[in-house]
Each structure stands twice: as structure tokens, then as C-alpha cells.
Amino acid sequence: MVAPENLDLVVQVRVLTGQFYMSNFRSIILAAGRGTRMKSEVPKVLHKVCGKPVIDYVLDITRNLRSLKTYVVVGHGSQKVKDAVGDGVQFVRQDRLLGTADAVNRCAAYLKGYKGTILVLCGDTPVLSKDIVASLLRQHVRSKASATVLTAHMDNPQGYGRIVRFDQGPIRAIREQKDASDNEVKIKEINAGAYCFNSKEIFEILKKVRLNSGKKEFYLTDVIELLLAQGKKVATFTARDGSAALGVNTREDLAQAQAIIRQRILSKHMLSGVTVIDPLTTFIEAGVIIGRDTVIYPMTIIHSDVRIGKNCSIGPMARLRPGTRISDGVEIGNFTEVSRTTIGPGVFQKHFSFLGDATVGQGANIGAGVVTANFDGVNKNKTSIGPRAFIGSDAILVAPNKIGAGAIVGAGSVVAKGKNIPAGMLAVGVPARVIKKINKGKK
Ligand code: UD1
Ligand code: CA
């Protein structure tokens, strides 16, 4: 075991010996802002993109790159943000929202003894990828700069800080749009809001940042000019894909982020062997697992926390909601909804029906129009459908109830609340009554 205080040292040794040499970094994620432009009661970083909070995408980056420690600066709606983010990070409070420089500065006390790279990310940039941030870190370590800024080119740089460069090319300043001259506003290279800093220098230079008179905030972006004025080296790394820098400030930005991440998710599934007939009308949220050779038909929505096996056929026009588990070789057809339900192998649920809080055994058949009436107005109740059971068209199963293995529920029947249909029996009517044992082969 290595004592925690020696951990950074161990990583430094690994750095020197060439094992994952960029791992010696700690991260700060800025997430205290008010998000005024969202016009929302929900803190900005908790708005969802493809079913997942915006800040989770940023946390995925620091987690995947093995940040030694991650500090999340919280302020506006702090309790909600803390609850959503959960364990594994250090929360740092910013009581008065005095700007991005002040937000980073709140972490000073926590990072006093730390020597190494500090990665700063904004909690509102969900499109940013792990690969780009890894390149930023690598570039920072290689160039031995005091600070390295991630930049990107945007056709419409509206609202972003502009990268002002010297004639020869090096960065000279980051100019916020509000403070930019007419010429500077035309610049299409922007500050993506991701930076690497040298831990020894950043907190010293932050002391020198002056209040921006227009916005009454301390801008983190001002440290670039301050470092250069002290003769320090500032580098940039430019992302090839401009859209990666998208910051979510408005609902329109949110929709744009959604469109980009949706494409990414669809590509990932297609590359791993899933047929998506029409990516334009298929919505798959983050955190969905789909097996090979499964075909997703158009106009289908698959929410987070859904798992689908191999060789399934889903849709068209199906909606699979969180907590759904579908085994191999299952057909979920048109106008079907499935929620918090586990479906065994080879089940057919082919036409307009709803399964909620149910388990369905192997080889069962769910007829057209079947509904599990899972909600009694107070509680969600469970339905259990045994293997090879056959639920006739338009049957309503009022939960809780249990349909035994191989049982048949006749078309149009209503299985009353609390009723169990024993295995191998035929039940029909409203309310459904067991009328006979099923002779195998004859119905
Ligand atoms: C910021 C940058 C801008 C850059 C853009 C990239 C500054 C001054 N400007 O602008 O150059 O192009 O990001 O997306 O840094 N926050 C706090 N505490 C505060 C203020 C903000 O934690 O007091 C957090 C916010 O929650 C947000 C992040 O910092 O996650 C950025 O703040 P935001 O107000 O969105 O800055 P932008 O105007 O987008
Ligand atoms: Ca922003």
C-alpha cells in the first residue's frame, strides 16, 4: 500500500519511467454558476443531454483520464448538484458567484501542497471528449508551459471568449465578447473553457486578477495576459472539431449538444454491430447496452439504463424506458412501451401493448393490445408472466398478479388484481376465471 501523501510521488515516478505520463494531474470542474440564460429552476449542469446530466459528461472525462482528485465548485443550487454528482469528488463551495477566476481560487486551500498539473474544465461543456482533453494535457506537459488553453474554431463564435494572437501566432489574450473590439469580435477561434495550469503558478497569478468592470466578475481568462506579462509561457491546443467546445448556456445550446451526442451514441452502437435502420428518427440515450445483430426500426426511443440482448428486433415506434432488460431473440414490435420490465429470451410482444414492472419468462407471447395495469393510483405493482405463457389480445393484467408457466389468458380477459392464474391453465372472461387445464397440443 502507498500512503496517500506519497501518491503523487508514485505517479511522478511513473511519469519519469514513461508509464501513463500525463496522469499526474488534478481537476477542477466549475459548476457554481447561475445559468441565467437557461431560464430554469434546475441548475444548468443538471439539465439532461441524452438522458444524462450535462456535468456527468465532464466528470466522465476526469474519471476516464484518472484525475488524481477532482474538485467540483458548487454554488447556485449546490445541494441539488451535490446530490446528483454523488461521491468520488471533493465539493468546494463558492458562496458568492464572483466569476470563473474566483471559482478556481476557492480551491486554493485544497491544493496548497500539490505540485503538478491542474486541469480546469467547465461543468457546462458536455460535448468535449476525453481524447481532446488527453491531448491538451499531453501538450501541456510536453511544452512545459505555465498554462495551456484549449481552443477551437467556430463558424458562429457568438458569446465565447475570443483567442487574440500575436502576428507571429502565439496567444496574446482571451477577450470576452463583451470587452472585445470590432476586430476582435470577428475572430473565430474561441476559448473552449478547458485549461491546464501549473499548480505552483496559478494561485499566485489569480491574486492579480482584477474585477471586470462591465460584468462585475473576476475572469479566469485574464490570467493569460497576466502570465505573459510576467514572461511566463502560455500555450494553446486547438481541437480539430469545433463542435467539441460547445458550452451549454441556453436551451438552444442544450438541443445542439443533444444532437451531437445522439449521433455519437448511435455511431457507437452501429460500430459494435447493431443495425439502426434510420438514425435520423432513432433516439438512444446514454448508458444503453445493445447486443450484436439486434435491429432497431425507425421512430424508436430507448431511454437510459436499458439493456437489450443479441438478435432482437425493436420497433418501429417502440419506447423502452429505464430499468428494462431484454434477453436475446426478443421481438418488441410497433407502438409498444416497456418500463422497468425484464423480458426473457425469445419473447414476442409484437403489437401496441404496455408492460410495466413486469417479468416475462422465456418464450412467452404477449398479444396485441395487452396492458399490465401496474399503477393503482398509489403504488406500482408487479406482474409476473411465466415462461411460454400466452396472453391473448387486449387482455388486461391488473397488478399485482401472476400468470403461471404455459398458462393462457383469453383474448379480452381482465385478470383481476391479486389473482394468480396457475401454470398450464386457461383463464377467460371479465374478470378472468380459470375454466380448464390446457391439453398440450390442443387449446
Ligand atoms: C466562459 C469563458 C469564455 C469561454 C466559455 C467556454 C470566462 C470569463 N469566460 O464563458 O471565455 O469561451 O466559458 O464555454 O471564464 N462558474 C462558476 N462560478 C462563477 C461563474 C461561473 O462556477 O462565479 C462556472 C459556471 O457554472 C460554468 C463555468 O463556470 O460551468 C463557465 O461559466 P459561464 O458563465 O457559463 O461562462 P461563459 O460565459 O460561457
Ligand atoms: Ca458557459
Side-chain angles (χ1 to χ4, degrees), residues 27-38 40 42-47 53-59 71-78 80-82 85 91-107 120-128 132 136 147 149-154 156-164 171 173-180 184-185 187-195 197 206 209-226 236 238-239 242-254 256-257:
S27 311
I28 297 175
I29 298 178
L30 308 181
R34 221 170 257 115
T36 316
R37 291 164 278 181
M38 292 296 280
S40 176
V42 179
K44 175 167 75 172
V45 295
L46 297 188
H47 278 265
V54 163
I55 193 170
D56 277 15
Y57 290 92
V58 182
L59 285 159
Y71 305 85
V72 178
V73 182
V74 292
H76 176 74
S78 62
K80 285 187 188 154
V81 177
K82 280 178 173 178
V85 167
F91 294 104
V92 177
R93 267 208 73 98
Q94 186 191 20
D95 286 319
R96 295 168 57 212
L97 304 179
L98 295 175
T100 43
D102 178 71
V104 172
N105 209 15
R106 295 293 113 214
C107 302
V120 176
L121 300 174
C122 293
D124 66 353
T125 54
V127 184
L128 202 59
I132 292 175
L136 172 73
V149 183
L150 179 65
T151 80
H153 293 274
M154 282 195 179
N156 177 12
Q158 182 68 22
Y160 292 88
R162 307 296 206 276
I163 304 296
V164 182
I171 185 167
I174 299 173
R175 193 81 69 231
E176 293 307 299
Q177 174 149 334
K178 282 203 174 90
D179 309 320
E184 287 168 343
V185 167
I187 297 171
K188 298 207 160 175
E189 189 185 7
I190 60 97
N191 165 28
Y195 325 76
F197 295 108
L206 278 173
V209 174
R210 295 279 154 259
L211 192 73
N212 179 284
S213 53
K215 223 180 158 205
K216 301 275 179 289
E217 281 188 3
F218 296 92
Y219 285 173
L220 178 59
T221 45
D222 285 352
V223 303
I224 303 308
E225 273 168 292
L226 292 168
T236 56
T238 305
S243 69
L246 180 75
V248 173
N249 298 316
T250 65
R251 307 268 180 164
E252 282 185 312
D253 297 332
L254 190 71
Q256 227 179 316

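Starting from 1, each residue takes its place in the sequence as its number. Counting starts at 1 for both ligands and their atoms, following the listed order.
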Starting from [atom], what is the nearest protein heavy atom, named by residue and atom, and what distance separates them?
atom: atom 23 (O) of ligand 1; result: Gly99 N, 2.8 Å
atom: atom 26 (O) of ligand 1; result: Gly33 N, 2.8 Å
atom: atom 36 (O) of ligand 1; result: Arg37 NH2, 4.4 Å
atom: atom 30 (O) of ligand 1; result: Leu30 O, 2.8 Å
atom: atom 32 (O) of ligand 1; result: Thr100 CG2, 4.0 Å
atom: atom 6 (C) of ligand 1; result: Asn191 O, 3.4 Å
atom: atom 1 (C) of ligand 1; result: Glu176 OE1, 4.7 Å

Distance under 4.0 Å to a non-hydrogen atom of [X]: what atoms of ligand 1 satisfy this?
X: Gly161; result: 3 (C), 4 (C), 11 (O), 12 (O)
X: Gly123; result: 30 (O)
X: Thr221; result: 7 (C), 8 (C), 11 (O), 15 (O)
X: Ala103; result: 17 (C), 18 (N), 22 (O)
X: Gln94; result: 17 (C), 18 (N), 19 (C), 22 (O), 23 (O)
X: Lys44; result: 35 (O)

Legend entry - Asp102 heavy atom under 4.0 Å from ligand 1: no
Inset, instruction - Could you tell me if any non-hydrogen atom of Leu98 lies under 4.0 Å from any atom of ligand 1? - result: yes
Inset, instruction - Would you please name every residue forming a side-chain hydrogen bond (donor to acceptor under 3.5 Å, both in side chains) with Gln256, sequence neighbours left out? - result: none
Inset, instruction - Quick one: list whatever passes side-chain contact (heavy atoms from CB on, under 4.5 Å) with Asp124, sequence neighbours left out. - result: Lys44, Cys122, Asn249
Inset, instruction - With sequence neighbours excluded, tell me which residues meet side-chain contact (heavy atoms from CB on, under 4.5 Å) with Val120. - result: Ile28, Leu30, Val104, Ile118, Tyr195, Phe197, Leu220
Legend entry - Min N/O separation Ala245 to ligand 1 under 3.5 Å: no
Inset, instruction - Looking only at distances, please establish whether an N/O atom of ligand 1 is found under 3.5 Å from an N/O atom of Ala32. - result: yes
Legend entry - Residue and atom, protein N/O/S, under 3.0 Å of the Ca ion (ligand 2): Asp124 OD2, Asn249 OD1
Legend entry - Gly33 versus His76, closest heavy-atom pair with distance: O-CB, 3.4 Å
Legend entry - Inter-residue atom distance Glu176.CD - Glu184.CD, 0.5 Å rounding: 11.5 Å
Inset, instruction - State the CD1-CZ distance between Ile190 and Arg175, to the nearest 0.5 angstrom. - result: 16.0 Å
Inset, instruction - Between Gly35, Cys122, Ala192, flag the one that comes closest to atom 31 (C) of ligand 1 by a heavy atom. - result: Cys122
Legend entry - Polar contact flag, side-chain donor to acceptor under 3.5 angstrom, Thr238-His153: no
